[in-house]
Asker: 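First the structure, which I've put down as structure tokens, then a few questions once you've had a look.
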Amino acid sequence: QVELLESGGGSVQAGGSLRLSCRASGWSGAAHSMGWFRQAPGKEREAVAVMLRGSSGPYYTDSVRGRFIITRDNAGKTVDLQMDSLKPEDTAMYYCVANRYPNRGNWYLPGTYGTWGQGTQVTVSS
């Protein structure tokens, strides 16, 4: 059974940093895509950052570009999200996502990803 295990969420003051990590288990070989989505209370789930194998990416949503950096290991089993200069509007549940095989949809659409983690809470206070 494929699983994504997230870690690293927490509470921080505005301007601070957090690092999220996600590890995939249950499949052989490297994932085609791995990344992060988030969902704040009362808002829709949105893409944060995604990396695709063999792509010119990584891809970031505009609101985090220049503040967040996504990295993944060569084995294609882990993905990290370094979040700097955090803002209160970054407060959300963050979900790791992955696809073992090439995406069939746009990178920023939740429906593109077949595997989701349980989520890790990030809270940024002003």
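The basis for the numbers below is simple: all heavy atoms, side chains too, and nothing from hydrogens, waters or symmetry mates.
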Asker: Which residues satisfy the side-chain contact (heavy atoms from CB on, under 4.5 Å) test with T123, sequence neighbours excluded?
Answerer: S11, T91, Q121
Asker: Taking salt bridge (Lys or Arg N to Asp or Glu O under 4.0 Å) as the cut-off, I'd like each qualifying pair that reaches into residues 110-121, sequence neighbours left out, listed once.
Answerer: none
Asker: Once side-chain contact (heavy atoms from CB on, under 4.5 Å) is applied, do any residues pair with S17, and if so which ones, sequence neighbours excluded?
Answerer: Q82, D84
Asker: Stepwise, does the side-chain contact (heavy atoms from CB on, under 4.5 Å) test hold for V48 with Y95?
Answerer: CA-CA 9 Å; V48 177; Y95 297 90; over 6 Å; no
Asker: Hey, could you give me the CD1/CZ distance between I69 and R19, rounded to the nearest 0.5 Å?
Answerer: 9.0 Å
Asker: Nearest 0.5 Å please: distance from the CE atom of M93 over to the CD atom of Q118.
Answerer: 9.5 Å
Asker: Report the distance from atom OG1 of T71 to atom CE of M51, rounding to the nearest 0.5 Å.
Answerer: 7.0 Å
Asker: With sequence neighbours left out, write down each residue that passes side-chain hydrogen bond (donor to acceptor under 3.5 Å, both in side chains) with D73, or none if nothing qualifies.
Answerer: T78
Asker: If you look at every heavy atom in G35 and I70, which pair is closest and at what distance?
Answerer: CA-CD1, 3.8 Å
Asker: Among all residues two or more places apart in sequence or in another chain, which pass the side-chain hydrogen bond (donor to acceptor under 3.5 Å, both in side chains) test with D62?
Answerer: R65
Asker: Using the ring pair (Phe, Tyr, Trp, His ring centres under 6.0 Å) criterion, which residues pair with Y94? Sequence neighbours excluded.
Answerer: none
Asker: So, taking the atom named CD in E6 and the one named CH2 in W116, what distance separates them when rounded to the nearest 0.5 Å?
Answerer: 10.0 Å
Asker: Please name all residues satisfying salt bridge (Lys or Arg N to Asp or Glu O under 4.0 Å) with R45, sequence neighbours left out, ordered by chain then number.
Answerer: none
Asker: Check S33 against V50 and note the closest heavy-atom contact, atom names and distance.
Answerer: CB-CG1, 4.5 Å
Asker: Who are the salt bridge (Lys or Arg N to Asp or Glu O under 4.0 Å) partners of E46, not counting sequence neighbours?
Answerer: R38
Asker: Test of understanding: with ring pair (Phe, Tyr, Trp, His ring centres under 6.0 Å), list the residues that count as partners of Y113, not counting sequence neighbours.
Answerer: F37
Asker: List the atom of A75, the atom of A30, and the distance in Å for their closest heavy-atom pair.
Answerer: O-CB, 3.2 Å
Asker: Considering all heavy atoms of both residues, which atom of V12 and which atom of L18 are nearest to each other, and what is their separation?
Answerer: CG1-CD1, 4.0 Å
Asker: Can you list everything that forms a side-chain contact (heavy atoms from CB on, under 4.5 Å) with A14? Sequence neighbours excluded, please.
Answerer: P88, V124
Asker: From S126 OG over to K87 NZ, what is the distance, rounded to the nearest 0.5 angstrom?
Answerer: 13.5 Å
Asker: List the atom of V79, the atom of C96, and the distance in Å for their closest heavy-atom pair.
Answerer: CG1-SG, 3.9 Å
Asker: If I compare all heavy atoms of N103 with all of L52, which pair ends up nearest, and what's the gap?
Answerer: ND2-CD2, 3.5 Å
Asker: Applying side-chain contact (heavy atoms from CB on, under 4.5 Å), run through D90 and R67 and close with a yes or a no.
Answerer: CA-CA 11 Å; D90 294 318; R67 300 187 297 120; 2.8 Å; yes
Asker: With sequence neighbours excluded, tell me which residues meet side-chain contact (heavy atoms from CB on, under 4.5 Å) with L109.
Answerer: N106, T112
Asker: Counting only pairs under 3.5 Å, give me each side-chain donor-acceptor contact of residues 20-29, with atom names and distances, residues two or more places apart or in other chains.
Answerer:
{"unit_1": "S21", "atom_1": "OG", "unit_2": "D80", "atom_2": "OD1", "d": "3.0"}

Asker: How far does CE of M34 sit from CZ of R72, to the nearest 0.5 angstrom?
Answerer: 6.5 Å
